[in-house]
Amino acid sequence: MDFISWLSLAGICALGAMSPGPSLLIVLRCAGAGMRHGFACALAHGFGVAIYAGLTAFGLAVLILHSPLLFNILQWAGAAMLIYLGWKALRAPAPNTEGESSPAQALSVGRAAMQGFGITFFNPKIAVFFTALFSQFVAEQQAFSVKLGMVSLAAGIDAGWYCLVTLIAIAGRNRGWVRSTTGHRMQQLFGALLIGLAAKLVFSI
């Protein structure tokens with residue numbers, strides 16, 4: 001591919017990553033537990049994107065789109081995960097006003113990574129996105145190294161964007177823009193939004 005094609009592909013991947021949705025809510029929630037948690041979630045999310053980008057680059061994503069059973073399984077699993085995470089956020093204990101502890105402090109780095117990967121892997125709409133747009137840059141005669149570069153670009157942009165989101169969230173907390181009590185209310189708001197997104201997904205199946 002020429003430079004313009006690479007630039008266009010990067011722009012499409014950036015727009016896809018920056019689109020608001022459940023992924024943004026999950027990363028913000030994990031970032032509330034700390035920078036390492038937010039980065040772990042962001043990097044795992046990028047890894048999930050790499051899987052779908054790889055499937056598209058090597059022509060396997062169409063199997064998901066043309067298999068109603070597999071597509072529905074992924075949708076139901078994604079909805080169940082959103083409900084679970086939303087319920088956990090709603091039930092998060094209020095912070096101790098004396099210690100100003102984070103409402104998400106009980107979240108481990110490993111669980112943050114699992115949430116970042118899960119919210120990507122169980123979202124078949126990402127397969128739709130890559131099959132509809134990413135596939136326009138894929139050709140059968142392309143070298144393996146080119147396809148691998150395309151996959152790396154998509155995953156890198158996605159992970160980089162959510163790492164930036166984490167840094168912004170952490171900076172806001174450190175500068176006192178968001179107090180722990182406000183963070184707790186945001187956790188509950190995220191929980192309600194996640195459950196709302198799950199309901200929307202269920203009714204669209």
Side-chain angles (χ1 to χ4, degrees), residues 9-56 61 64 71 73-90 92 104 107-134 151-170 172 183 186-202 204-205:
L9 177 62
I12 287 175
C13 291
L15 289 174
M18 294 177 186
S19 300
S23 294
L24 178 62
L25 297 179
I26 294 300
V27 172
L28 286 173
R29 182 172 184 267
C30 291
M35 185 177 296
R36 288 193 306 153
H37 300 73
F39 281 170
C41 182
L43 293 175
H45 192 282
F47 180 68
V49 165
I51 291 178
Y52 277 111
L55 289 174
T56 305
I64 297 175
F71 192 85
I73 287 174
L74 287 173
Q75 280 192 307
W76 281 108
M81 182 177 181
L82 288 174
I83 292 172
Y84 170 75
L85 295 176
W87 179 247
K88 291 281 286 184
L90 286 174
L107 182 69
S108 68
V109 174
R111 289 179 70 86
M114 289 176 60
Q115 289 183 14
F117 176 77
I119 202 65
T120 314
F121 187 76
F122 295 114
N123 185 1
K125 290 185 178 180
I126 294 181
V128 175
F129 169 81
F130 277 102
T131 303
L133 298 176
F134 189 86
V151 172
S152 300
L153 179 66
I157 288 176
D158 183 86
W161 165 248
Y162 286 117
C163 282
L164 178 60
V165 168
T166 296
L167 289 174
I168 293 172
I170 295 296
M186 289 178 65
Q187 283 278 317
Q188 294 182 319
L189 175 61
F190 289 165
L193 289 173
L194 289 172
I195 292 176
L197 288 169
K200 181 180 178 182
L201 179 59
V202 168
S204 67
I205 295 177

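Across every non-hydrogen atom of Ala44 and Ala113, the tightest pair is CB-O, 3.0 Å. The two residues His37 and Ala112 have their closest heavy-atom pair at O-CB, 3.5 Å. In plain terms, the two heavy atoms of Ala40 and Val109 that are nearest each other are CB-CG1, 3.6 Å. Summarising the geometry of Leu43 relative to Cys163, their closest heavy-atom pair is CD2-SG, 4.4 Å, with the distance given to 0.1 Å. Nearest heavy-atom pair, Ala31 versus Thr166, reported as atom, atom and distance to 0.1 Å: CB-CG2, 4.0 Å. Taking every heavy atom of both residues into account, Val151 and Ala50 meet most closely at CG1-O, 3.5 Å.
In this structure Phe47 satisfies the ring-ring contact (aromatic ring centres under 6.0 Å, His included) test together with Phe117, sequence neighbours excluded.
Within the model, atoms CG of Asn123 and OH of Tyr52 stand 7.0 Å from one another, a figure rounded to the nearest 0.5 Å. Going from atom OG of Ser108 over to atom CD of Gln115 covers 8.5 Å, rounded to the nearest 0.5 Å.
Counting heavy atoms from C-beta on, the side chains of Ile126 and Phe121 never come closer than 4.5 Å.
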Using distance only, find each side-chain donor-acceptor pair of residues 11-27 under 3.5 Å and give its atom names and separation, not counting sequence neighbours.
from  : atom 1 : to    : atom 2 : distance (Å)
Ser19 : OG     : Leu15 : O      : 2.8
Ser23 : OG     : His45 : NE2    : 2.7

